[in-house]
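A short worksheet on the structure shown next.
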2 protein chains.
Amino acid sequence: MTEIDGRAGKAARPKRADARRNERTLLDAAAAVFVTSGVEAPVRDIAAEAGVGTGTIYRHFPTRADLVVAVYRHQVEACAEAGPALLASSASPYAALGRWIDLFVDFLTTKHGLAAVMRSDKAGFEVLHAYFLDRLVPVCARLLDAAAEAGEVRPGTDAYGLMRGVGNLCIGADNDPRYDARRMVGLLIAGLLQPRST
Amino acid sequence: MTEIDGRAGKAARPKRADARRNERTLLDAAAAVFVTSGVEAPVRDIAAEAGVGTGTIYRHFPTRADLVVAVYRHQVEACAEAGPALLASSASPYAALGRWIDLFVDFLTTKHGLAAVMRSDKAGFEVLHAYFLDRLVPVCARLLDAAAEAGEVRPGTDAYGLMRGVGNLCIGADNDPRYDARRMVGLLIAGLLQPRST
DNA sequence: TGTCTAAGCGGAACGTCGTTCCTGTATGAT
DNA sequence: ATCATACAGGAACGACGTTCCGCTTAGACA
């Protein structure tokens, strides 16, 4: 495996201490600003919150999307790891799928505008998009396959589409009390069930 | 009712001929640019296509969203009017609902980025959002109520949420061949059906 | 401890966007 | 033909993401 901080290798030199400190500060500042102003908050605001210049942000994170990924990486990881666990502990694969999707919806709806930014094709957000999907689609596929093999859901649904659909349904879940994303996702998952007539 | 072009009243003076001509030109230019570059095309591009200055656009349409509304108004109108017709001609209310939703999905997915811009809370897009929903939600509610009274779908689903859900599912339907919005909407509508147990 | 090199920093600067504003022009009533 | 005024054009503004460059300073080596 590759060395974690470069101490083990001679080619990889460790980052300077102030750089490390700044990266941490930036992640914290970004997380704080995302909570108050949403994920689409201006880069300058994050820089101001962290007390650094905008250039510093771009030194550590090539683009805004990379910063977002870095901030939420461990939460995505946790969600991904919950998949197999739920499959093992739930009464049926379909129940596990439902609970796992709930977890994902929780994650998306508690971050202002995260869902909205995930589908965005704007400048370089493919990174974000790709990371989320690469990490979560396989987990979803596993659950989906299990439910299909158990005969609970109609076969032929691809996990990628389902994840995109659920993500889309969560867009605008905040800032519009009339729209209940969770209910809509519930309907979508219910629609997955094997229909009455063969 | 209010006079259509101001000729009937003396208080309302008719617009100048060149202004009328420019408004038409603008609508055509906008429609053309929306097809090639998507709904989020820069205002300057539309102005260039029409051969006018940017100021001229804002004279006729207070904001970008108003222009979008104007371009698609008659299509939205057609969709709205199709609702009652389908209800009358279909085998069941649920079938009518499904076909009407299909119409809506067709509309959204054939306009690049329209769905995406509909949920946007950015500067003044509430106009667009409001117009679409004000016009279509009642139609949807009518179909939904009919299907609920017929016992086909579970009660308690509100039309507003459903429309937002369908709209959201259509986001990014173009420019990503791996995502099939229509299938997802199909699942959502299937999830509306009365579940097996009471 | 002193020196020096390059990693790192801040923020000015650039290009793009939506929108506003001001000036000159051309319409159409008189 | 005259003229008030509705209108068009595009420069200008502020906000954004991103890039660039000159100064600062960490930290390896002597």
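This is a predicted model, so every value here is computed, not measured.
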Any idea which of C:dG18, C:dA6, D:dC16 is nearest the A:P42 side chain?
-> D:dC16
Phosphate-side-chain proximity, A:N22 and C:dC9, N/O vs OP1/OP2 below 4.0 Å = yes
Side-chain N or O of B:R59 less than 4.0 angstrom from OP1 or OP2 on D:dA8?
-> yes
With a 4.5 Å limit on heavy-atom distance, are the side chains of B:P84 and B:L87 in contact?
-> no
What does B:A41 touch in the nucleic acid at a heavy-atom separation under 4.0 angstrom: a base, only the sugar-phosphate, or nothing?
-> sugar-phosphate
Nearest nucleotide by nearest heavy atom, which residue falls closer to the 5' end of DNA chain C, A:R44 or B:P62?
-> A:R44
Spacing of A:Y58 atom OH relative to D:dT18 atom C1', expressed in whole Å = 5 Å
Rounded to the Å, how far apart are A:I57 CD1 and D:dT19 C1'?
-> 14 Å
Tell me: CZ of A:R20 to C1' of C:dA7, nearest whole Å?
-> 14 Å
Using the closest heavy atom to pick a nucleotide of DNA chain C for each, name whichever of B:A17 or B:R64 lands nearer the 5' end.
-> B:R64
Ignoring the backbone of B:A19, work out which of C:dT20, D:dG17, D:dA8 is nearest its side chain.
-> D:dA8
Using a strict 4.0 Å threshold on nitrogen-to-oxygen distance, state whether A:K15 and A:E23 make a salt bridge.
-> yes
Could you check how far CZ of A:F61 sits from P of C:dG8, rounded to whole Å?
-> 13 Å
Specify the separation, in whole Å, of atom CZ of A:R16 and atom C1' of C:dC4.
-> 13 Å
Residues A:D106 and A:R182 bridged, charged N to O under 4.0 Å = yes
Flag, side chain of B:E152 to backbone of B:Y94, donor-acceptor distance under 3.5 Å | yes
Considering just the side-chain nitrogens and oxygens of A:H60, establish if one lies under 4.0 Å of OP1 or OP2 belonging to C:dG8.
-> no
Starting from C1' on C:dT27, measure out to CZ on B:R21 and report it in whole angstrom.
-> 10 Å
Select one nucleotide: of C:dG10, C:dC17, C:dA6, the one nearest the side-chain heavy atoms of A:T56.
-> C:dG10
Could you give the CG-to-P distance, from B:D45 to C:dC17, as a whole number of Å?
-> 7 Å
Whole angstrom is fine here: how far is it from CD1 in A:I46 over to P in C:dG11?
-> 17 Å
Would you say the side-chain atoms of B:Y58 and B:D66 include a donor-acceptor pair closer than 3.5 Å?
-> no
From C:dA7, D:dT19, C:dT20, pick the nucleotide closest to the side chain of A:T54?
-> D:dT19
